[in-house]
Amino acid sequence: MRILENFLSLQGEGLKIGCLTYFIRASGCNLRCSWCDTEFSHPYDHGTEMDVDQILALVGDIENVCFTGGEPLEQKEAPELLRGLVDAGKTVVLETNGSKDISIVPDSERIIISMDIKCPSSGMHDRMLMSNLPKLRSKDQLKFVIADRADLEYAVSVLREHPVDTNVIFSPVGGLSLQMLAEEVVSRRLDVRVLPQLHKIIWGNRQGV
């Protein structure tokens with residue numbers, strides 16, 4: 001599979017925020033979100049061809065792994081890598097953009113599916129595969145990246161029309177401006193988590209962290 005970069009850092013998002021994590025970033029993405037902060041990962045021909053054993057050797061003894069992109073499920077070997085990581089005793093967060101069928105993900109308590117539903121500001125909300133929502137489990141997480149109140153209303157409507165049994169996360173575009181989301185979640189008494197992007201608080205908008 002084509003791997004763009006790999007590095008050790010702290011998980012910046014979601015349920016594993018703050019945990020020491022080894023990141024594996026696959027090349028290639030099938031979406032073009034207007035506010036994407038990883039545009040460098042879009043091309044499919046960038047990076048290095050690696051097999052599962054090579055990736056496992058890079059991860060070494062680190063327990064937590066994040067398989068991200070781009071869109072990692074664009075890699076046909078993605079299920080094989082996920083199985084290999086689980087067999088090696090790793091806990092894996094799979095970051096996927098909501099447009100790919102997650103039924104190909106191996107069934108394991110050690111795999112946390114972190115799936116987006118893109119809001120209107122992204123320009124990609126009509127590409128979402130809503131049939132994925134019932135497949136999310138209580139160990140997984142559903143993320144909405146929100147730019148404005150129109151995005152917020154959209155996220156609330158999706159949750160109302162498609163009730164889910166999973167962890168729901170609201171995060172602001174850019175990962176830092178939390179006040180509007182926090183105040184809206186409190187005033188509406190929404191059962192969601194409002195989270196920043198920790199890596200941007202620590203290191204800014206840099207690659208490889």
Side-chain angles (χ1 to χ4, degrees), residues 1-31 38 41 47 50-118 127-145 158-159 162-171 192-193 195 197-199:
M1 72 193 72
R2 203 81 177 171
I3 302 302
L4 184 63
E5 62 177 355
N6 54 88
F7 55 92
L8 183 65
S9 187
L10 300 181
Q11 176 58 260
E13 305 176 0
L15 302 177
K16 288 282 188 178
I17 192 168
C19 292
L20 184 69
T21 300
Y22 198 91
F23 288 81
I24 303 163
R25 188 182 302 280
S27 301
C29 188
N30 61 321
L31 299 184
T38 54
S41 69
M50 302 185 74
D51 61 28
V52 172
D53 288 339
Q54 289 173 308
I55 295 170
L56 288 174
L58 289 171
V59 174
D61 62 356
I62 303 301
E63 178 182 349
N64 293 303
V65 177
C66 182
F67 186 30
T68 186
E71 172 46 60
L73 294 184
E74 288 280 87
Q75 304 286 328
K76 63 179 175 25
E77 304 93 344
E80 179 187 359
L81 175 59
L82 292 167
R83 281 190 292 268
L85 290 165
V86 166
D87 289 345
K90 311 303 181 184
T91 297
V92 187
V93 174
L94 169 69
E95 295 276 0
T96 184
N97 65 24
S99 70
K100 306 291 291 184
D101 184 2
I102 63 172
S103 63
I104 68 169
V105 177
D107 184 15
S108 171
E109 288 299 319
R110 287 186 169 274
I111 298 174
I112 298 169
I113 298 174
S114 179
M115 193 186 83
D116 284 9
I117 288 292
K118 304 298 185 185
R127 299 281 298 276
M128 297 296 94
L129 200 61
M130 294 299 186
S131 58
N132 277 329
L133 291 172
K135 300 172 186 175
L136 295 171
R137 297 165 61 187
S138 59
K139 65 180 176 61
D140 299 322
Q141 56 195 40
L142 178 64
K143 184 175 67 178
F144 295 85
V145 178
V158 169
L159 293 172
H162 304 273
V164 293
D165 182 22
T166 196
N167 302 281
V168 179
I169 296 167
F170 284 4
S171 184
V192 305
R193 302 183 191 209
L195 291 179
Q197 290 182 303
L198 179 64
H199 52 294

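Since the model is a prediction, treat every value here as computed from it, not as a measurement. Position 1 is the first residue of the sequence, and the numbers go up from there.
For the pair Q141 (side chain) and I112 (backbone), a donor-acceptor distance under 3.5 Å is absent. Side chain of R2 to main chain of G47: a donor-acceptor pair is present (N/O by atom type, distance under 3.5 Å, no hydrogens or angles). With hydrogens and angles disregarded, a donor-acceptor distance shorter than 3.5 Å links the side chain of N97 to the backbone of S99. Judged by distance alone, with hydrogens and angles left aside, the side-chain atoms of S41 form a donor-acceptor pair with the main-chain N or O of G70 at under 3.5 Å.
Qualifying side-chain hydrogen bond (donor to acceptor under 3.5 Å, both in side chains) partners for K90, counting only residues two or more places apart in sequence or in other chains: none. Residues passing the side-chain contact (heavy atoms from CB on, under 4.5 Å) test with R193, sequence neighbours excluded: L15, N167, I169, L195. The side-chain contact (heavy atoms from CB on, under 4.5 Å) search around S131 returns L129, not counting sequence neighbours. Under the side-chain contact (heavy atoms from CB on, under 4.5 Å) criterion, R137 pairs with D107, E109, K139, D140, not counting sequence neighbours. Annotation: ring-ring contact (aromatic ring centres under 6.0 Å, His included) contacts of Y22 (sequence neighbours excluded): none.
Using a cutoff of 4.0 Å between basic side-chain nitrogens and carboxylate oxygens, E13 and K143 are scored as salt-bridged.
The two residues M1 and F67 come nearest to each other via the heavy atoms SD-CZ, 4.2 Å. The two atoms that bring T21 and C66 nearest to each other are CG2-N, 3.6 Å, heavy atoms only. The two residues G69 and T38 make their nearest non-hydrogen contact at O-OG1, 4.1 Å. For G84 against V52, the heavy-atom pair with the smallest separation is CA-CG1, 4.4 Å. Closest non-hydrogen pair, S27 versus Q75, comes out as O-NE2, 2.9 Å. Considering every non-hydrogen atom in both L198 and Q11, the closest pair reads CD2-O, 4.1 Å.
Annotation: the span from S108 atom OG to L94 atom CG amounts to 12.0 Å, rounded to 0.5 Å. Atom CG of residue L82 and atom CG of residue D87 lie 11.0 Å apart, to the nearest 0.5 angstrom. Separating the CG atom in L20 from the CG atom in L10 is a distance of 6.5 Å, to the nearest 0.5 Å. Rounded to the nearest 0.5 angstrom, S171 OG and D116 CG are separated by 9.5 Å. The line from CD1 of I24 to OG1 of T68 is 10.5 Å long, rounded to the nearest 0.5 Å. Of the inter-residue distances, the one linking H162 atom NE2 with N132 atom CG reads 11.5 Å to the nearest 0.5 angstrom.
Here the side chains of V164 and L159 are in contact, with some heavy-atom distance below 4.5 Å. Counting heavy atoms from C-beta on, the side chains of F7 and E5 come closer than 4.5 Å. Contact check for V158 versus M130: side-chain heavy atoms found under the 4.5 Å cut-off. Counting only heavy atoms from C-beta outward, the side chains of E71 and L31 never approach each other to under 4.5 Å.
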*Run the side chain to side chain contact (heavy atoms under 4.5 Å, CB included) check on N30 and R127 step by step: do they pass?*
CA-CA 10 Å; N30 61 321; R127 299 281 298 276; 4.1 Å; yes
_Please determine whether side chain to side chain contact (heavy atoms under 4.5 Å, CB included) holds for the pair V92 and R83, giving the CA-CA distance in whole Å, both sets of side-chain angles, and the decisive distance to 0.1 Å._
CA-CA 10 Å; V92 187; R83 281 190 292 268; over 6 Å; no
*Take I102 and L136 through the side chain to side chain contact (heavy atoms under 4.5 Å, CB included) test and state the conclusion after the steps.*
CA-CA 9 Å; I102 63 172; L136 295 171; 3.8 Å; yes
If you look only at distance, which donor and acceptor atoms sit under 3.5 Å apart when one is on a side chain in residues 53-63 and the other is two or more places apart or in another chain?
residue : atom : partner : partner atom : Å
Q54     : OE1  : D51     : N            : 2.8

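Between F144 and F170, the ring-plane angle classifies as perpendicular under the 30° and 60° cut-offs.
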